[in-house]
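A quick write-up on the structure given underneath.
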Number of protein chains: 2
Amino acid sequence: MTVSRVLNNSGRVAPETRLRVEQVIRELGYVPNALATGLFKGRTRTIALIVSDISNPFFTVIVRGVEDLAQRNGYTVVVGNSDESVEKERQYVASLISKRIDGLLITPAGNGSRRILEALGRRGSPFVLIDRDVEGVTADSVTGDNVAGAKLLTQHLIELGHRRIGFINGRRELSTSRDRQRGFEMALRERGIELNPVLIGDNAHRRDEAYRVAHQLLELPPEERPTALIAGNNVLVIGVIEALRSAGLAVPEAMAVVCFDDLELASALDPFLTVVAQPVRSFGTIAAQFLLERLNGEADVQPRRVVLTPELVVRRSCGAGLGPLVI
Amino acid sequence: MTVSRVLNNSGRVAPETRLRVEQVIRELGYVPNALATGLFKGRTRTIALIVSDISNPFFTVIVRGVEDLAQRNGYTVVVGNSDESVEKERQYVASLISKRIDGLLITPAGNGSRRILEALGRRGSPFVLIDRDVEGVTADSVTGDNVAGAKLLTQHLIELGHRRIGFINGRRELSTSRDRQRGFEMALRERGIELNPVLIGDNAHRRDEAYRVAHQLLELPPEERPTALIAGNNVLVIGVIEALRSAGLAVPEAMAVVCFDDLELASALDPFLTVVAQPVRSFGTIAAQFLLERLNGEADVQPRRVVLTPELVVRRSCGAGLGPLVI
DNA sequence: ATTTATTGTGTTACGTGTAACATGGATGAG
DNA sequence: CTCATCCATGTTACACGTAACACAATAAAT
């Protein structure tokens, strides 16, 4: 008990006793058992972060932001990789509940995440959604303005003279994909361009699917074939570029290409891709901030929703600077 | 007790009782408290991974590999970011000891990590070194053959006709940097090329330092100035390329550039950099495998050291295919 | 029918830290 | 000198799961 008081600076301990305790602690290399404390106090000072793909630089930056903030506030971060699978999420959350983590940050894999998050909520564990919303779930969230982002990209291409713009979009189930597609369609409508549904290749899960979908668009008859492509994210765009390379089409001369989300290192190496960049790190830090505030009871009962503004970064792949294309 | 027996399939439980227990478990949404189990059993089925930079794709791939294997074996991964700081490592390990993690995977920040790891070892927690060795520490380790890698890069440049090769190397304290430099020097010696110490800009901690060091090499008098540069890793190379760009030097025409470690997405986007690639994912999975085996008591007392072979990936930045340079 | 073995369930104690209360001694007020 | 107050430390009980042992009831063996 006295040792506990010394370590926590709680209650009163005679200065001389304190010194003696500290001495013995050093001699024995004693480290208090956080499991026991957690068991007693019902909180573990541990939060979890489940991302849908840890090897994607986009999520990596989020991990870093979260880790940074958590560390500074004395929290430990457990990282999980859901691989875009709700089932894996479920397993993770089960294990995390068992380990009595204090809260969760998640880039949900889909609308199926709803049940999982509701179960978590019923247990009293707060959670914050990052990057993606889940239908029917009201919680703190930090997302990007995907409608606005898509409009920026689309408008930019239109201004460069493109009329037939292809859209290779990500998983239909994700709020980001839906919003991006909506923004795309809105931008076209606003400029009076008719939407050709053939030009939307949606629901690409991975890079190789983006490759395939892009190829399909390239096989359209010349009068329908797009002159520019928008890729739904930073990974899909790689598949798109690979498809163009395999078809012998130069970017941006034969085909303009733009996408969502910057690849920091790749862009530094070669500022090539025109993108809509998001303040990704803030996704992580703000979400972590929200969660920590909730854990400290500093947050309103009302969920907070932050929507961060994207920014158009014009580089070479859109063909800007080459003058508008005439086709 | 009976509930415990049902959940763990241990001891005997009447089938009818088992059903009844399972029913109630479902009704109450009961999830056993892993803290209590951990407290009692003295193991938590949690391992930690401390990397020196989570936002670096190189380490990210390791994180993914580790997470994957751990997850499949019922372990949870706590991820820490040391930011190349031994002090941060120390804080982390202290917190992890307190949380009674079962073992640690670490890309150590330097030789100062020795004391930390020794302290961990005294507590009986096994650990595995990834990517880097620490002087005086004998433990399981998974590293790359950095001497061989450096030789591959250097020989390749020599074969392309380069005689004055600059080397922008990473932190002197890291075994990887030292080995790479050694391989570089060996390759030069083997081909009878005299080593000019001015051409080695070592101990660059970050990208901006690589930028600065590269600039210094460019300011050498023409007869000393290198015609090719080797960057110590995938981040430093960005700084080097930026320096060349700011100096108006085209790669590879005016300066060949090669480096260690591939950037998967960047290379897919544009296969530009000639690199020595390492089987990075295996770094993570093999290390995790070693740790799990040790935790299961399946491992020898003898530490195991695996050295993975790097591979030269020739692309455009070295100028291969343009024919040897004549200078 | 009696002994032995088997089966299913319950009890106790432990791992470790800490809130709440208890205790004994010293100090101070009256 | 006595009673109240304060201070430092100790005790007890709890958080929760589980190994080890105990026990009653049944089944099998003699």
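All values reported here derive from a predicted model rather than from experimental measurement. A note on names: the letters A, B, ... follow the listed sequences, proteins ahead of strands, and every chain is numbered from 1. Only heavy atoms go into these numbers, but all of them, side chains included; no hydrogens, no water, no symmetry mates.
- Looking only at side-chain heavy atoms (C-beta outward), B/Leu291 and B/Tyr75 stay at 4.5 Å or farther from each other.
- In this structure, CG of B/Leu35 is placed 12 Å from P of D/dT18, rounded to the nearest angstrom.
- Taking 4.0 angstrom as the limit, B/Lys41 places a side-chain polar atom (N or O) nearer than this to OP1 or OP2 of D/dA19.
- Rounded to 10 degrees, the angle separating the terminal axes of the helix from C/dA1-D/dT30 to C/dG30-D/dC1 is 50°, with each axis obtained from five end pairs.
- You'll find that the side chain of B/Pro32 is closest to D/dG17, out of D/dC16, D/dG17, C/dT16.
- One can place CZ of A/Phe40 at 16 Å from P of D/dG17, the figure rounded to the nearest angstrom.
- When the P atom of C/dA19 is taken as reference, atom CG of A/Leu39 falls 14 Å away, rounded to whole Å.
- Salt bridge annotation for B/Arg72-B/Asp68: present, with a cationic side-chain nitrogen under 4.0 angstrom from a carboxylate oxygen.
- More than 12 heavy atoms of other residues, nucleotides or ligands lie within 6.0 Å of CZ in A/Arg305, so this atom counts as buried by the packing criterion.
- Considering every non-hydrogen atom in both A/Val13 and A/Arg5, the closest pair reads CG2-CB, 3.6 Å.
- Under 4.0 angstrom from either OP1 or OP2 of D/dC16 there lies no side-chain N or O belonging to B/Tyr30.
- When all heavy atoms are compared, the tightest approach of A/Ser175 to A/Asp133 is OG-N, 2.8 Å.
- Between A/Ile50 and A/Ser82, the shortest heavy-atom distance links the atoms CG2-CB, 3.8 Å.
- Side-chain contact between A/Arg100 and A/Ile97 is present, with at least one heavy-atom pair separated by less than 4.5 Å.
- Residue A/Glu264 comes nearest to B/Arg207 through the heavy atom pair OE2-NH1, 3.1 Å, listed as atom of the first residue, atom of the second, then distance.
- Between the CZ atom of A/Arg43 and the C1' atom of C/dT18 there is a distance of 14 Å, rounded to whole Å.
- Atom pair B/Lys99:NZ and C/dG17:C1' shows a separation of 15 Å (rounding to whole Å applied).
- Inspection of the B/Arg132 and B/Ser52 side chains reveals an N or O donor paired with an N or O acceptor under 3.5 Å.
- Non-hydrogen atoms lying under 4.0 Å from DNA chain C are contributed by B/Met1, B/Thr2, B/Arg5, B/Arg12, B/Val13, B/Ala14, B/Thr17, all within residues 1-21 of chain B.
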